[in-house]
J.: 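Could you have a look at this structure, given as structure tokens, before my questions?
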Amino acid sequence: MSAIKLRLAAGAHDRYCSPVSFEPSQGDELDGLTGHVYAVDELGIEYPVQREALPAGGTRLVWLLPHLRAGETKEFTLVTRDHAPEGVRLTDRAGDGVDIDVSGERFTTYQYNRKWARPFLYPVIGPAGATCTRHFPMDPNVEGEKHDHPHHKSIFFTHGDVNGVDNWSELEGHGYTRHQSFAALESGPVFGDLQAHNLWTDAVENPYLRQELRLRIWAAPSHMRIFDATLTFHANETDVVFGDTKEGGLISVRVATTMDASGTGRIETSTGAVGEAEAWGKSASWCHYSGLVKAPSGGVHTGIGVIDHPDNPRYPTYWHVRNYGLMTANPFGHSHYFKDKSRDGSLRLSAGESLTFRYRVVIHEGDAPDGHMAERFSDFAYPIKAALLS
């Protein structure tokens with residue numbers, strides 16, 4: 001077969017470690033790509049490519065582009081090799097957790113053991129091997145850590161009022177998120193996919209809501225970590241109401257205590273807000289926390305950014321973000337954000353309907369500008385798609 005050549009364009013945005021995809025049209029001949037696929041640029045640099053099966057049939061090819069300036073184009077030739085890099089590896093410790101390694105280094109573990117009220121990611125290890133989320137309460141013996149809010153477990157996915165059930169705190173009568181099964185645990189050279197089926201239940205574990213959680217972890221270089229979280233909620237036999245409360249976050253982060261903005265840490269958002277006083281209860285396309293964390297080699301200034309996707313309901317989301325280390329995407333707590341009890345931010349999901357939210361999390365060295373958060377948003381909101389060269 002003749003060489004397959006592709007062209008991609010950065011468009012109006014600078015691109016940094018950006019996922020790139022190519023979806024062959026009917027008739028495009030890719031049958032010869034039977035081994036491990038690489039995209040080779042004009043300089044001969046090879047980038048591993050991963051095949052992704054599409055729900056409606058067919059295949060998408062996906063790889064990571066390190067950098068491309070706004071307005072620039074780049075050409076690739078697809079080749080095959082007899083080897084592939086390690087990329088992202090998922091290992092299930094049945095009934096306990098799924099270890100997630102990137103290029104042979106531990107990134108995080110999806111903790112789903114029933115001893116916990118809800119699944120969460122912990123530890124979360126960023127640049128230079130620094131754990132950038134709080135250890136408590138999983139490890140209560142870390143010197144200098146705050147021991148408040150034990151339900152703030154690293155990175156988690158919850159809300160405090162769903163049909164009147166508190167699936168946020170761990171106070172008496174709280175609800176649970178219970179793991180049911182994995183639809184996918186896929187390792188690969190470019191990304192790994194974890195897809196979990198969960199049930200949200202009341203205090204006596206009667207289910208009232210189904211949740212599908214999909215985590216796509218990208219094989220980014222060691223100075224950064226990137227993953228996408230997709231949450232799809234299904235109302236089964238009855239309507240489900242996400243209530244108006246500030247106590248929640250469909251994706252929530254409790255950063256390491258040394259990063260707290262009550263100390264030397266920093267909160268920033270896409271609107272230019274800095275600190276809790278400017279950012280709390282305000283809408284923005286992304287929110288970012290940064291500060292000093294401890295690594296084996298010493299202190300590392302680390303940032304964690306959460307990006308809201310423009311297709312999400314109520315985009316741009318509101319941020320329940322606190323100087324003491326909490327950052328959550330919560331689009332429901334309007335009466336609290338506006339200090340007006342006449343405003344109702346609740347959202348009703350009718351029986352038989354579904355609702356999907358997508359977020360991207362970026363972990364890197366430095367503050368928001370160092371992490372190119374504006375460009376990260378563009379990568380997520382307006383991804384690059386390669387075109388076949390004739």
J.: Taking C-beta and beyond as the side chain, do His36 and Pro189 meet within less than 4.5 Å on heavy atoms?
T.: no
J.: Does Lys153 form a salt bridge (Lys or Arg N to Asp or Glu O under 4.0 Å) with Glu170? I'd like the steps, not just the answer.
T.: CA-CA 11 Å; Lys153 291 183 173 64; Glu170 295 182 20; 2.5 Å; yes
J.: Can you hop from Phe377 to Tyr16 via hydrophobic side chains spaced under 4.5 Å?
T.: no
J.: Do Ile100 and Ile251 sit in one hydrophobic cluster, given that two such residues count as connected whenever their side-chain heavy atoms are within less than 4.5 Å of each other, even indirectly?
T.: yes
J.: Looking only at heavy atoms, what is the nearest atom pair of Met327 and Ile304, with distance?
T.: CE-O, 3.6 Å
J.: Does the ring centre of Phe242 sit less than 6.0 Å away from the ring centre of Phe233?
T.: yes
J.: Measure the spacing between CG of Asp161 and CG of Asp166 and express it to the nearest 0.5 Å.
T.: 8.0 Å
J.: Taking the ring of Phe357 and the ring of His309, is the distance between their centroids below 6.0 Å?
T.: no
J.: I want to check something: taking the side chain as every heavy atom from C-beta on, are Trp280 and Asn323 in contact at a cut-off of under 4.5 Å?
T.: no
J.: side-chain contact (heavy atoms from CB on, under 4.5 Å) with Val37: which residues, sequence neighbours excluded?
T.: Leu33, Val49, Arg51, Leu78, Thr80
J.: Report, one line per pair, each donor and acceptor closer than 3.5 Å where one atom sits in a side chain of residues 363-371; sequence neighbours left out.
T.:
from   : atom 1 : to     : atom 2 : distance (Å)
His364 : NE2    : His288 : NE2    : 2.8
Asp367 : OD1    : Asp370 : N      : 3.2
Asp370 : OD2    : Asp367 : N      : 3.1

J.: Taking the six-membered ring for Trp, are His151 and Phe120 closer than 6.0 Å centroid to centroid?
T.: no
J.: Counting neighbours of NZ on Lys282 that are heavy atoms of other residues, nucleotides or ligands and sit closer than 6.0 Å, is the number greater than 12?
T.: yes
J.: Got a sec, which residues hit side-chain contact (heavy atoms from CB on, under 4.5 Å) with Ala235, two or more places apart in sequence or on another chain?
T.: Val240, Leu349
J.: Determine the sole option in His135, Arg322, His149 for which the side chain to side chain contact (heavy atoms under 4.5 Å, CB included) test with Arg254 is passed.
T.: His149
J.: Tell me the closest heavy-atom pair linking Leu90 and Gly192, and the distance in Å.
T.: CD1-CA, 4.0 Å
J.: Can a side-chain donor-acceptor contact be found between Tyr122 and Asp139 if the only test is distance below 3.5 angstrom?
T.: no
J.: What heavy-atom pair brings Ser169 and His174 nearest, and what distance separates the two atoms?
T.: O-CB, 3.4 Å
J.: Would you tell me whether Tyr208 and Asp202 have side-chain atoms, one donor and one acceptor, within less than 3.5 Å of each other?
T.: no
J.: Do Glu353 and Arg348 meet the salt-bridge criterion of a basic N to acidic O distance under 4.0 Å?
T.: no
J.: Is it true that Arg314 and Asp308 make a salt bridge, defined as a side-chain N closer than 4.0 Å to a carboxylate O?
T.: no
J.: For Ala196 versus Tyr110, what's the shortest heavy-atom pair and its separation?
T.: CB-OH, 3.8 Å
J.: Quick one, Met224 and Pro127 - any side-chain contact, counting heavy atoms below 4.5 Å?
T.: no
J.: Is any side-chain heavy atom of Val321 closer than 4.5 Å to one of Glu276?
T.: no
J.: I'd like to know if Arg134 pairs up with Asp260 as an ion pair, taking the criterion as any Lys NZ or Arg NE/NH1/NH2 lying under 4.0 Å from an Asp or Glu carboxylate oxygen.
T.: no
J.: Testing the 3.5 Å rule here: is there a donor-acceptor pair between the side chains of Thr109 and Asp99?
T.: yes
J.: In Å, rounded to the nearest 0.5 Å, how long is the span from OG1 of Thr258 to NE2 of His301?
T.: 10.5 Å
J.: Walk me through whether Val20 and Arg15 qualify under side chain to side chain contact (heavy atoms under 4.5 Å, CB included).
T.: CA-CA 10 Å; Val20 174; Arg15 307 290 185 162; over 6 Å; no
J.: Establish, from distance only, whether the side-chain atoms of Ser21 and Lys385 form a donor-acceptor pair under 3.5 Å.
T.: no
J.: What I want to find out is whether Glu52 reaches Arg216 closely enough, with some N-O distance under 4.0 Å, to be called a salt bridge.
T.: yes
J.: Is there a ring pair (Phe, Tyr, Trp, His ring centres under 6.0 Å) between Phe76 and Trp63? Walk through the geometry before answering.
T.: CA-CA 11 Å; Phe76 293 89; Trp63 67 99; 5.4 Å; yes
J.: My understanding is that only residues two or more places apart in sequence, or in another chain, count here; which of them pass side-chain contact (heavy atoms from CB on, under 4.5 Å) with Ala284?
T.: Thr269, Ser270, Thr271, Trp319
J.: Please determine whether residues Met373 and Val306 belong to a single hydrophobic cluster, defined as Ile, Leu, Val, Met, Phe, Trp and Tyr linked transitively by side-chain heavy-atom distances below 4.5 Å.
T.: no
J.: Closest approach of Phe136 and His147, non-hydrogen atoms and distance?
T.: CE2-O, 3.3 Å
J.: A quick test of your reading: do over 12 heavy atoms of other residues, nucleotides or ligands sit less than 6.0 Å from CD of Glu172?
T.: no
J.: Count the heavy atoms of every other residue, nucleotide or ligand shown that sit under 6.0 Å from CD of Glu205, and state whether that count exceeds 12.
T.: yes
J.: Between the side chains of Thr91 and Asp101, does any donor sit under 3.5 Å from an acceptor?
T.: no
J.: What's the separation between atom SG in Cys17 and atom CD1 in Ile226, rounded to the nearest 0.5 Å?
T.: 4.0 Å
J.: Which residue pairs satisfy the salt bridge (Lys or Arg N to Asp or Glu O under 4.0 Å) criterion with at least one member in residues 334-346, sequence neighbours excluded?
T.: none
J.: Would you say the ring centers of Tyr359 and Phe157 fall short of 6.0 Å from each other?
T.: no
J.: Honestly curious: do Phe227 and Leu250 fall in one hydrophobic cluster under the side-chain, below-4.5 Å linking rule?
T.: yes
J.: Run the numbers on Glu212 and Arg214 for salt bridge (Lys or Arg N to Asp or Glu O under 4.0 Å), then give the verdict.
T.: CA-CA 7 Å; Glu212 294 177 12; Arg214 177 175 183 174; over 6 Å; no
J.: So, for Leu64 and Ala219, which heavy atoms are closest and what is the spacing to 0.1 Å?
T.: CD1-O, 3.5 Å
J.: Any donor and acceptor pair, going by atom type alone, linking the side chain of Arg106 with main-chain N or O of Val102 inside 3.5 Å?
T.: no
J.: So which of Gln211, Arg178, Arg118, Gln180 actually passes side-chain hydrogen bond (donor to acceptor under 3.5 Å, both in side chains) with Asn198?
T.: Gln211
J.: If you look only at distance, which donor and acceptor atoms sit under 3.5 Å apart when one is on a side chain in residues 328-336 and the other is two or more places apart or in another chain?
T.:
from   : atom 1 : to     : atom 2 : distance (Å)
Thr328 : OG1    : Gly248 : O      : 2.8
Asn330 : OD1    : Phe332 : N      : 2.9
Asn330 : ND2    : Thr245 : O      : 2.9
Asn330 : ND2    : Lys246 : O      : 3.3
Asn330 : ND2    : Gly248 : O      : 3.4
Asn330 : ND2    : Tyr337 : OH     : 3.4
His334 : NE2    : Pro331 : O      : 3.0
Ser335 : OG     : Asp244 : OD1    : 3.0
Ser335 : OG     : Asp244 : OD2    : 3.2

J.: Indicate whether the side chain of Asp228 and that of Trp218 have a donor and an acceptor atom separated by less than 3.5 Å.
T.: yes
J.: Would a hydrophobic clustering, with Ile, Leu, Val, Met, Phe, Trp and Tyr connected at side-chain separations under 4.5 Å, put Trp168 with Tyr176?
T.: no
